[in-house]
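Keep in mind that the numbers below use all heavy atoms, side chains included, and drop hydrogens, waters and symmetry copies.
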Amino acid sequence: MPAVDYIVTIGLEVHCQLNTQSKMFCACPSQYGESPNTLTCPVCLGLPGALPVLNEGAIRRTILAGMMLGCSTPPVVKWDRKNYFYPDMPKNYQTTQFDLPLCLGGGVPLYDMNYPKDWQKKIARPGQVISLTRIHLEEDVAKSTHMGNGTAIDFNRAGTPLMEIVSEPEIETAEEAVAYLNSLRQILVYAGVSDADMEKGQMRCDVNISLRPHGQKDFGAKIELKNLNSVSAVRRAIHFETERQAEELDRGIKQVQSTRRWDDDRGETTLMRTKEDAHDYRYLPCPDLLPLHTNNMVTEISRSVPETPHARRARFVGVLGVSEYDAGVLCSEKSLADYFEEAAAGLSKPKAVANWIINDLLGQLGSRGMTLEQNPIPAAGIRALAEFVETGKINGGQAKEVFVAMFDTRKAPADIIREKGLEQLSDTGFLDEIITIVLADNADAVAKIKAGNDKAINALKGQVMKLSAGKANPAIVGEMLEKRLKD
Amino acid sequence: MPDALHTLTIAELRTLLQKREISPADIIHDLEASITARDPEIGAYLHRDTAAALAAAEKADLSAPLGGIPVAIKDVLNVQGQPATAGSKMLRGYISPYDATCIAKLKSAGAIPFGKLNMDEFAMGSSNENSAWQLTRNPWDTTRVPGGSSGASAAAVAARTAIASLGSDTGGSIRQPAAFCGITGLKPTYGRVSRYGLIAYASSLDQVGPMTRTVEDAALVLQAIAGHDPQDSTSLNAPVPDYSAALRRGVSGMKIGLPREYFIDGIDPAVRAAVEAGVKELERQGATVREISLPHTRFAIAAYYIIATAEASANLARFDGVRYGHRCDTPADLRDMYDRSRAEGFGPEVKRRIILGTYVLSSGYYDAYYRKAQKVRTLIARDFAEAFKEVDLIASPVTPTAAFKIGKNAGDPLQMYLADIFTIANNLSGVCGISVPCGYSAEGLPIGLQLTGRPLGEEDLLRGAFAYEQATDWHRRLPQKS
């Protein structure tokens, strides 16, 4: 049977670093890029006698993320020790949450925009929400670097607060997995709890995937995929693994529960271990940390939950009059949505601002391979540009020219307009002189108009614009021409 | 200058220091002489930095409550710049980069940490025979054990080679050696003293406490080390009362309970007689005595050896040869390094407990062992809570017998475990307890009276123990030669 004849079932386990100042169980700074082993203390090095203390900021961020995802928080949560030996784990147990995690239930909505670009027209289940099993809060391990003659370990990362977000096995395709990861990241960024950048290792993902023939009720053997370091790797690995399992099942090879490693260069997975080699983690309630009562914290946090991407998009459409598509683009990145709101605040035509951002700004950034963080134009600049157009100080064509100059020179639009002498001519005395010349030179056209052919007025308008070197305010020219010809 | 400063108590030395009749350095010199003379036979000290202690003595703030008083430290506690081996080869050569909170508190109270004391490896044992380094002998009879695991902490104080010491108590490790060596040992309420910097054996049971010559000294040391510590989430955020003020309140009107389950067959008749006489003395001073019941006592040892070993199996996982401590020579690979480093670094009792703890947490056994043990623990705590509705203190023996001969129980771990029957329930329920000398056996070995108090009932303990001590002179007796 080809792969299409199998039901594919996918669940994701996502680890996400939280953007707290300090680590999960000690006061060491939680940051990236310092010299190895400089951000350490007896606690995160696991020295004899050191004890953990909970980071309240990390707990609050996790509860908040849970609220944005529709999870509930049990009244009492606790931390447990997960025992296994590995050099990147200084205590040889990870302090994590086993049976009473911070968040239960909830779900990740698969926003259309977050499917792969080539899949936008093939979305099988629009508006689908993937249920979450739980979110728990634990400590990250140190970073191992394997070298020729040994392994170097940097404990700066050890103890970074890490949320593990576990989905139900409800994802059906690689593309849904992509949409899940992008939507989840988007929501976590909106929550302000993490930058959730997979390329920077702030978000990491393990995939559980099983296949079963149509008609079979029980799930097939669960295969876990590791070493997936980008969203595109997740997509490619799921495609590879679906094919691989289908092919083996076709040939009558039974799948066994196992863990496989994705090799991004070779584009394939290889076996790491099977169930027989699985660890017995011997979970034990952590005796150094007391169970935590969450009710007061939950009440407090619920008073200030940020808008979800979904709600913001709806507001852009309903309140600001932006199109569905544009609102989706603007809300795809929180920073872009913030930029738009800052630029459009109080303007009568927010839609014009949306157009500037989506068509011109994103276009320029894209064509020059720049990111939004490198955007040279402050929101106030876009806002001023839109205002100049709205009040008729410059026309559309001029505005395009001003925009490009703003992008290249980082100057304010008012300065550019002045330097380039782009202000539209609205001086009726001067325009009247030009119109007099044009009417005299185009007696035929004037006659036609007087005979009732209104279209000929456009030709005259063009002549006036030409004589004014494009600076004439077209609206005013139109009004003046009509007045002269019809009086 | 009065001679034999090493024979004086903290309170006595403080008086002399404040009158400027002696200096802190005089005490260090005198102790050093006493250690040189006596310790080769006792074997209490693993390490001492006399130069550092003398330097600290120079700067000692005599106005502070323990200003200028040297205190010897069980090797399970971290003292910055000094070795911390927890009695294990695993930590040979390890120098601690930080002070345990109780050490920092001692220092800020003016005390001078002086010397690291032998112990059973990782505090697992009742005799100090499990030390990887050396045997510590009982100053009263050097063919006998000093008890454990804080055996050397008791032996040094008894032999007058330390003024006072800190020990740790997970199942009786302060009270039992205090009883065996004829000194005072106080195990505070769980959470009263910070565990930060105490190398963990069983985190939910471990507690640091003072080991001293007198009850008054115990109050002084406890005063310095007690209190909330933001670095230990299990430390109690409760005010620290004035313990010395509690000493002289007397026992008149106090209610004392005798648990029927503690006065059982198998107790040495001399121990029973001494403890009963001790209780009579308290009664004579106006306390009322009644029988009580702690019905789940018989399950305590089993529950203890499940919970303590489960926690230990995780706590001791960090000793792997990767970052510090013992690493085997020329490991073939990572697994080989783990296996041989741990096989070589840990002694047999530690291995026994790690294996036991690993077993009880294994998939499929958790409910049968660990979860059930936790239920038992709850029942035992309830026993004490019920008892303390009726009485202020519980009086009992500390151990069924006086100090046993070196080697007697070494080959029989179960017999060794069973000797902890009267001390273990205290740790499981988190209450506080004290051992004070209450007599001597026919062989001249000290016997201890244990008083157990309600959670944060240290004032009651000190009140009862002090009243008893003041009416007797057991604590004034010296082991031969000391």
Is the closest side-chain heavy-atom distance between B:Tyr366 and A:Arg282 below 4.5 Å?
->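 No, too far: nothing below the 4.5 Å cut-off.
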Are any of the side-chain heavy atoms of A:Leu51 and B:Ser233 separated by less than 4.5 Å?
->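 When only atoms from C-beta onward are counted, B:Ser233 and A:Leu51 do not touch, as no gap falls below 4.5 Å.
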Does atom [atom1] of [X] have more than 12 heavy-atom neighbours from other groups under 6.0 Å away?
X	atom1	answer
A:Lys78	NZ	yes
B:Asp333	CG	yes
A:Gln21	CD	no
A:Lys222	NZ	no
B:Arg382	CZ	no
B:Tyr365	OH	no
B:Asp367	CG	yes
A:Arg261	CZ	no

Nearest heavy-atom pair of [X] and [Y]: which atoms, and what distance?
X	Y	value
B:Pro230	A:Val53	O-CG2, 3.3 Å
A:Phe85	B:Tyr338	CB-CE1, 3.7 Å
A:Asp288	B:Thr234	O-CG2, 3.8 Å
A:Gly46	B:Tyr324	O-OH, 2.7 Å

Examine whether an atom of A:Leu45 lies under 4.5 Å from a heavy atom of chain B, and if so say whether it belongs to the side chain, the backbone or both; otherwise answer neither.
->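 Backbone only.
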Heavy-atom distance under 4.5 Å to chain B: side chain of A:Phe25, backbone, both or neither?
->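 Neither; nothing under 4.5 Å.
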Check: A:Asp280 side chain, B:Ser363 main-chain N or O, donor-acceptor pair, under 3.5 Å |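 Checked: pair present.
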Return the option, out of B:Asp232, B:Asp320, B:Thr358, B:Val322, with the maximum number of heavy-atom pairs under 4.5 Å with chain A.
->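 Greatest number of close heavy-atom pairs with chain A: B:Thr358.
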Where along [range] does a heavy atom come under 4.5 Å of chain A, listed by residue number?
range	value
residues 309-318 of chain B	B:Ala310, B:Glu311, B:Ser313, B:Ala314, B:Asn315, B:Ala317, B:Arg318
residues 76-96 of chain B	B:Asn78, B:Leu91, B:Tyr94
residues 195-209 of chain B	B:Arg195, B:Tyr196, B:Gly197, B:Leu198, B:Ile199, B:Ser203, B:Ser204
residues 98-108 of chain B	B:Tyr98

Per-residue contact mode, B:Arg371 against chain A (heavy atom under 4.5 angstrom) |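 Neither part.
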